[in-house]
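Single-structure report; data block below.
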Amino acid sequence: MSKLLLTWWTWFIWSHTTVELLQAWHEVVIFDNLANSDQSVCDRIQQITGIAPVFVQGDIRSLEDLRGVFADHSFDGVIHFAGLKAVGVSCEDPFGYYENNIVGSMNLLRVMDEHEVRKLIFSSSATVYDAAASQAPFAEDAPTGNTTNPYGTTKFVIEQLLKDMSNWKQMDITSLRYFNPVGAHQSWLLGEDPTDIPTNLLPVMMEVVEGKREKLSVFGNDYDTTDGTCLRDYIHVVDLAKAHQIARESQWSGYEVYNVWTGSGTSVAQMITILEWVSDKPFPFENVDRRDGDIAISVANVWKIENKLWRKANLGVKEALEDAMRFRGKAW
Ligand code: UD1
């Protein structure tokens, strides 16, 4: 058991990870500026685990806030989630993304160093892979960079900073490169319900199911894939959350990167078919032009996580869609 600081921003992935860590008897302090989340999620976490996580309101852009929480608690390690993640918004507001994601991470690393906290898990993204220079399935040593939007640039830059911190400040750091997180907790108490207008596939599909949108626009059906629509590696959020716990408990010295992961691609057309199957209803959609910046196939090479962390993804896309629908109150 260890005492961990979790920097939060939105609560989808982070809340599920908190549950897994508490259930594995880690002590958790949540640090969140509440810009895009709601403290009541702590009550839901307590309902599931029976344990109330400690909550501290603070912002990673503020050295003062960070120094405050490190002065009040003695941490064995940090799991760093806090950061903005909307690709489209990052193109309109690159400065906001650099400030929150890069400056915030630098502040966190500085205060960790001041307090000699040397273990960190970072939530990175498959978006760091240079899709023009390598082909899916992406292995961890595939070329990175050449990012197509400021959000991706921030994840790429932070990974470089972390490598330096590991080399020159003797920190043990693990970057988890998430593919496409989907699904919800099986308790139906936690899931994805963005407060802003969603752009990711699953929340958009849920809005169609709920009747908030007339239909899904399928971005491109002329890609070089089996059915012409894009393939993604959709990872159930509960598996993703468990990956953080395992990564934390088996952290070696130095800098490590892992894809998280299923290793198989599901097309947008297949997602529609599976949703029709679990909901037993036709799902309205139309094929429209490709979306700028999309690549045909984004799938993880899973050799490293399966062999070094001894961890396979357990849950599939069908479970993810069922759980997401249950969470949104749409039992079928
Ligand atoms: C993006 C980010 C990724 C991030 C992920 C989840 C990039 C290049 N990708 O992935 O880093 O982890 O979001 O936050 O930075 N689609 C439709 N119609 C829609 C919405 C999506 O057809 O209304 C299709 C897209 O074309 C794509 C697939 O669904 O083929 C998944 O899209 P999305 O959920 O937005 O995730 P990515 O763009 O793959």
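Atoms considered below: every heavy atom in the structure, side chains included; atoms not considered: hydrogens, waters and symmetry mates. Order of appearance sets the numbers: ligands from 1, and atoms from 1 within every ligand.
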*Under a 4.0 Å heavy-atom limit, does Ser217 contact ligand 1 with its side chain, its backbone, both, or neither?*
backbone
*Quick one: nearest non-hydrogen protein atom to atom 38 (O) of ligand 1, plus distance?*
Arg291 NH2, 2.9 Å
*asked:* Membership question, hydrophobic clusters at under 4.5 Å side-chain separation (ILVMFWY): are Tyr151 and Met106 in the same one?
replied: no
*Starting from atom 39 (O) of ligand 1, find the nearest protein heavy-atom neighbour and note its residue, name and distance.*
Arg232 NE, 2.6 Å
*Which bit of Leu202 is near ligand 1, meaning a heavy atom under 4.0 Å away: side chain, backbone, both or neither?*
neither
_List ligand 1 atoms under 4.0 Å from Cys230, heavy atoms only on the residue side._
30 (O)
*Contacting atoms of ligand 1, where contact means under 4.0 angstrom from a heavy atom of Asn149*: 15 (O)
_Does the plane of the ring in Phe81 sit parallel, tilted or perpendicular to the ring in Trp14? Use 30° and 60° as the thresholds._
parallel
*Under the criterion side-chain hydrogen bond (donor to acceptor under 3.5 Å, both in side chains), which of Thr153, Asp130, Thr154 is the partner of Thr147?*
Thr153
*Kindly confirm or rule out an N or O of Phe219 lying under 3.5 angstrom from an N or O of ligand 1.*
yes
*asked:* Counting non-hydrogen protein atoms only, what is the nearest one to atom 24 (C) of ligand 1? Give residue, atom name and distance.
replied: Val268 CG2, 3.8 Å
*Around atom 36 (O) of ligand 1, find the nearest protein heavy atom and jot down its residue, atom name and distance.*
Asn180 ND2, 3.1 Å
*Any idea which atoms of ligand 1 are less than 4.0 Å away from a heavy-atom of Val218?*
22 (O)
*Ion pair present between Lys318 and Glu322, side-chain N to carboxylate O less than 4.0 angstrom?*
yes
_Quick check on Ser125 - does any of its heavy atoms sit under 4.0 Å from an atom of ligand 1?_
yes
*Measure across Gly152 and Thr127 and return the closest heavy-atom pair with its distance rounded to 0.1 Å.*
CA-CG2, 3.7 Å
_Would you say that more than 12 heavy atoms from the other residues, nucleotides or ligands in this model lie under 6.0 Å from the CD of Glu116, or not?_
no
_Pairwise distance OG1(Thr49) to CD(Glu20) - rounded to 0.5 angstrom_ = 10.5 Å
_Let me check something: do Ile158 and Met171 share a hydrophobic cluster, defined by ILVMFWY side-chain heavy atoms less than 4.5 Å apart, either directly or through other members?_
yes
*Any idea which part of Thr229 is under 4.0 Å from ligand 1, heavy-atom wise: side chain, backbone, both or neither?*
neither
*Per-atom contacts, ligand 1 versus Leu216 - under 4.0 Å to a heavy atom*: 18 (N), 19 (C), 23 (O)
*Hey, is the main chain of Asp164 close enough, under 3.5 Å, to the side chain of Tyr255 for a donor-acceptor pair?*
no
*Any N or O on Thr148 sitting closer than 3.5 Å to an N or O of ligand 1?*
no
_Result of checking Thr18, Leu21, Leu120, Leu5 against Ile79 for side chain to side chain contact (heavy atoms under 4.5 Å, CB included)_ = Leu21
_As an exercise, identify every atom of ligand 1 less than 4.0 angstrom from a heavy atom of Phe179._
12 (O)
*For ligand 1, note which part of Lys85 has a heavy atom under 4.0 Å away: side chain, backbone, both or neither.*
side chain
*Would you indicate which of Tyr178, Tyr234, Phe12 comes nearest to atom 28 (C) of ligand 1 when only heavy atoms are counted?*
Tyr234
_Quick check on contacts: which atoms of ligand 1 are under 4.0 angstrom from a heavy atom of Thr199?_
20 (C), 35 (O)
*Short N/O distance, under 3.5 Å, between Leu201 and ligand 1?*
yes
*Can you tell me how far CG of Asp323 sits from CG of Leu315, rounded to the nearest 0.5 angstrom?*
7.5 Å
*Under 3.5 Å, is there a donor-acceptor pair between the Arg177 and Tyr129 side chains?*
yes
*asked:* I need the contact type for Ile295 against ligand 1. Using non-hydrogen atoms and a strict under-4.0 Å cut-off, is it side chain, backbone, both or neither?
replied: neither
*Under 4.5 Å between any side-chain heavy atoms of Ile45 and Ile51, yes or no?*
no
*Pick whichever of Ile13, Thr127, Asn200, Val87 has a heavy atom sitting closest to atom 13 (O) of ligand 1.*
Asn200
*Where is the nearest protein heavy atom to atom 26 (O) of ligand 1: which residue, which atom, and how far?*
Asp294 OD2, 2.6 Å
